Number of protein chains: 2
Amino acid sequence: MSVIEGINEANQKELFKKYEAKYKALADQLRLKIMYELNQRGQVCVCDLTEIVELPQSKLSYHLKILLDADLITREKIGTWNYYRLHEAEVRGLLSEELCCIFYPEKK
Amino acid sequence: MSVIEGINEANQKELFKKYEAKYKALADQLRLKIMYELNQRGQVCVCDLTEIVELPQSKLSYHLKILLDADLITREKIGTWNYYRLHEAEVRGLLSEELCCIFYPEKK
DNA sequence: TTAATATATCAAATAAAATTGATGTACATA
DNA sequence: TATGTACATCAATTTTATTTGATATATTAA
């Protein structure tokens, strides 16, 4: 079932709330930059990202959490490091093709 | 020139700032609902919209201004009325096809 | 076991956005 | 000209988001 079918009063509110949360996570320069860098580099650990985006660690962690909670990125723990990467399908479902390949990669 | 070509340090910041503003405007349930209704109805005046979305007039005006400033909708004054409609091309360039035809119409 | 590194989380302070009610302006109609 | 309607804008308040610096936890290395 496509998104538009099945819209009724009850669904609507939920749907708008969902997209509000997603777009809210995207609506920030820093976070877009993070997405851009993750897209460029694939998998990146926080320690590297701190240098790439030049943010204090706690601030970066804060913004990563927002992206993670919105399901726009994923986290994988490997030893001491936390590696983040884009949640490609999710971002693709949100942003126009015009934004390929800034914030998500070209389709393989 | 596509968006991705011509990205350099100087462009980048501007680009992210631009998308921040656009997505910020979209990042709100009420405003998404307004977009949805405009998409359903084409051209709508504020007086009708007040009833459709059930918002006090000043609140609606506030949110319309945000969408207008972000260039996501347009305004046309006809007599006493201000008619708003989607800025279709702009929204299409921002949102994934998955969001057709909730927040923007099918391509003719 | 101690120390160092990687990272998340917390509390306090600050900043930005949204809401509310009131006021102002333009146009239309009596 | 006086009244009503359609809106935008403003100032004050409330709510939400962001920043900052400090602390806590887990893992690794000495």
Side-chain angles (χ1 to χ4, degrees), chain A residues 13 16-35 37-38 41-87, chain B residues 13 16-38 41-85 87:
Chain A
K13 213 176 154 60
F16 297 155
K17 213 192 306 194
K18 169 183 149 187
Y19 286 114
E20 170 184 82
K22 301 274 183 189
Y23 286 116
K24 199 168 275 186
L26 287 167
D28 181 280
Q29 276 181 258
L30 284 178
R31 292 193 291 266
L32 288 174
K33 165 109 174 137
I34 292 169
M35 304 264 295
E37 296 297 339
L38 291 182
R41 295 157 198 264
Q43 188 165 261
V44 185
C45 72
V46 180
C47 51
D48 291 343
L49 209 48
T50 319
E51 295 181 4
I52 293 163
V53 300
E54 294 181 288
L55 290 181
Q57 179 269 319
S58 79
K59 190 168 171 176
L60 177 57
S61 254
Y62 168 79
H63 287 287
L64 285 171
K65 182 165 172 28
I66 285 171
L67 291 170
L68 190 66
D69 288 349
D71 205 27
L72 299 177
I73 62 177
T74 60
R75 175 165 68 188
E76 186 188 2
K77 181 156 198 172
I78 299 179
T80 326
W81 297 276
N82 269 168
Y83 287 95
Y84 285 89
R85 51 167 67 244
L86 274 189
H87 189 161
Chain B
K13 215 177 151 61
F16 297 154
K17 214 195 298 198
K18 169 183 148 189
Y19 286 114
E20 170 183 83
K22 301 273 183 189
Y23 285 116
K24 201 168 275 187
L26 286 167
D28 182 279
Q29 275 181 260
L30 284 179
R31 293 193 291 266
L32 289 174
K33 166 109 173 136
I34 292 169
M35 305 264 295
Y36 172 80
E37 296 297 340
L38 292 181
R41 294 157 199 265
Q43 188 166 261
V44 185
C45 73
V46 181
C47 52
D48 290 343
L49 209 48
T50 318
E51 296 181 5
I52 293 163
V53 299
E54 294 181 285
L55 289 179
Q57 180 268 319
S58 78
K59 191 168 171 177
L60 177 57
S61 255
Y62 169 79
H63 288 288
L64 285 172
K65 182 163 173 28
I66 285 172
L67 291 170
L68 191 65
D69 288 348
D71 204 25
L72 299 178
I73 62 177
T74 60
R75 175 166 67 189
E76 187 189 0
K77 181 157 197 170
I78 299 177
T80 325
W81 296 276
N82 270 168
Y83 286 95
Y84 285 89
R85 52 167 66 245
H87 189 161

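This one's a predicted model, so the numbers in the text were calculated from it and none came from an experiment. Below, each value reflects all heavy atoms present in this structure, side chains not excepted, and no hydrogens, waters or symmetry copies. Numbers restart at 1 for each chain; the letters A, B, ... are given by sequence-line order, proteins then strands.
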A:L64 CG to C:dT7 P, in whole Å, measures 10 Å

Any idea which of C:dA18, D:dC7, D:dT18 is nearest the B:C45 side chain?
D:dC7

Between B:I73 (CD1) and D:dC7 (C1'), how many Å, whole number?
14 Å

Can you tell me if the side-chain N/O atoms of A:R75 get under 4.0 Å from OP1 or OP2 in C:dT7?
no

Please list, in numerical order, the residues of residues 24-33 of chain A that have a heavy atom closer than 4.0 Å to any atom of DNA chain C.
none

Give the intermediate values and the outcome of side chain to side chain contact (heavy atoms under 4.5 Å, CB included) for residues A:L64 and A:L49.
CA-CA 10 Å; A:L64 285 171; A:L49 209 48; 4.0 Å; yes

On a heavy-atom basis, the closest approach of B:A25 and B:A70 is CB-CB, 3.5 Å

Salt bridge (Lys or Arg N to Asp or Glu O under 4.0 Å) partners for A:E76, two or more places apart:
none

Partner set under side-chain contact (heavy atoms from CB on, under 4.5 Å) for B:T50, not counting sequence neighbours:
B:V46, B:L60

Hits for side-chain contact (heavy atoms from CB on, under 4.5 Å) against A:D71, two or more places apart or cross-chain, chain-then-number order -> A:K22, A:H87, A:E90

Working note: A:R31 + A:L26, criterion side chain to side chain contact (heavy atoms under 4.5 Å, CB included); need CA distance, chi angles, decisive distance, verdict.
CA-CA 6 Å; A:R31 292 193 291 266; A:L26 287 167; over 6 Å; no

Under 4.0 Å between any heavy atoms, over every strand shown, what does A:L60 touch: base, sugar-phosphate, or nothing? Just pick one.
nothing

When you compare the side chain of A:K13 with that of B:Q29, does any pair of heavy atoms fall below 4.5 Å?
yes

Can you tabulate the close N/O pairs, meaning under 3.5 Å, that link protein atoms to atoms of nucleotides 1-3 of chain C?
none

Starting from C1' on D:dT28, measure out to CD1 on A:I78 and report it in whole angstrom.
15 Å

After noting the C-alpha distance and the side-chain angles of B:I73 and B:Y84, does the key distance pass the side chain to side chain contact (heavy atoms under 4.5 Å, CB included) rule?
CA-CA 7 Å; B:I73 62 177; B:Y84 285 89; 3.5 Å; yes

Gap between atoms CG and C1', on B:L55 and C:dA18 respectively (whole Å):
12 Å

So, is B:H63 near the phosphate of C:dT19, with a side-chain N or O under 4.0 Å from OP1 or OP2?
yes

Rounded to whole Å, please give me the gap between CG in A:N82 and C1' in D:dT28.
15 Å

Ignoring hydrogens, what is the shortest heavy-atom contact between B:E20 and A:L32? Give both atom names and the distance.
N-CD1, 3.6 Å

Between NZ on residue B:K24 and CG on residue B:D69, distance to nearest 0.5 Å
13.0 Å

Here the distance between atom C1' of C:dT7 and atom CD of A:E51, to the nearest Å, is 15 Å

Test side chain to side chain contact (heavy atoms under 4.5 Å, CB included) on A:K59 and A:L30; report intermediate values, then the result.
CA-CA 10 Å; A:K59 190 168 171 176; A:L30 284 178; 3.9 Å; yes

Looking only at heavy atoms, the pair that brings A:C45 and A:W81 closest together is SG-CD1, 4.0 Å

Tabulated below should be each protein N or O lying under 3.5 Å from an N or O of nucleotides 20-30 of chain C; please produce it.
from	atom 1	to	atom 2	distance (Å)
C:dG21	O6	B:S58	OG	3.4

Spacing of B:K65 atom NZ relative to C:dA18 atom C1', expressed in whole Å:
15 Å

Using a heavy-atom cut-off of 4.0 Å across all strands, would you classify A:Y84 as base, sugar-phosphate, or nothing?
sugar-phosphate

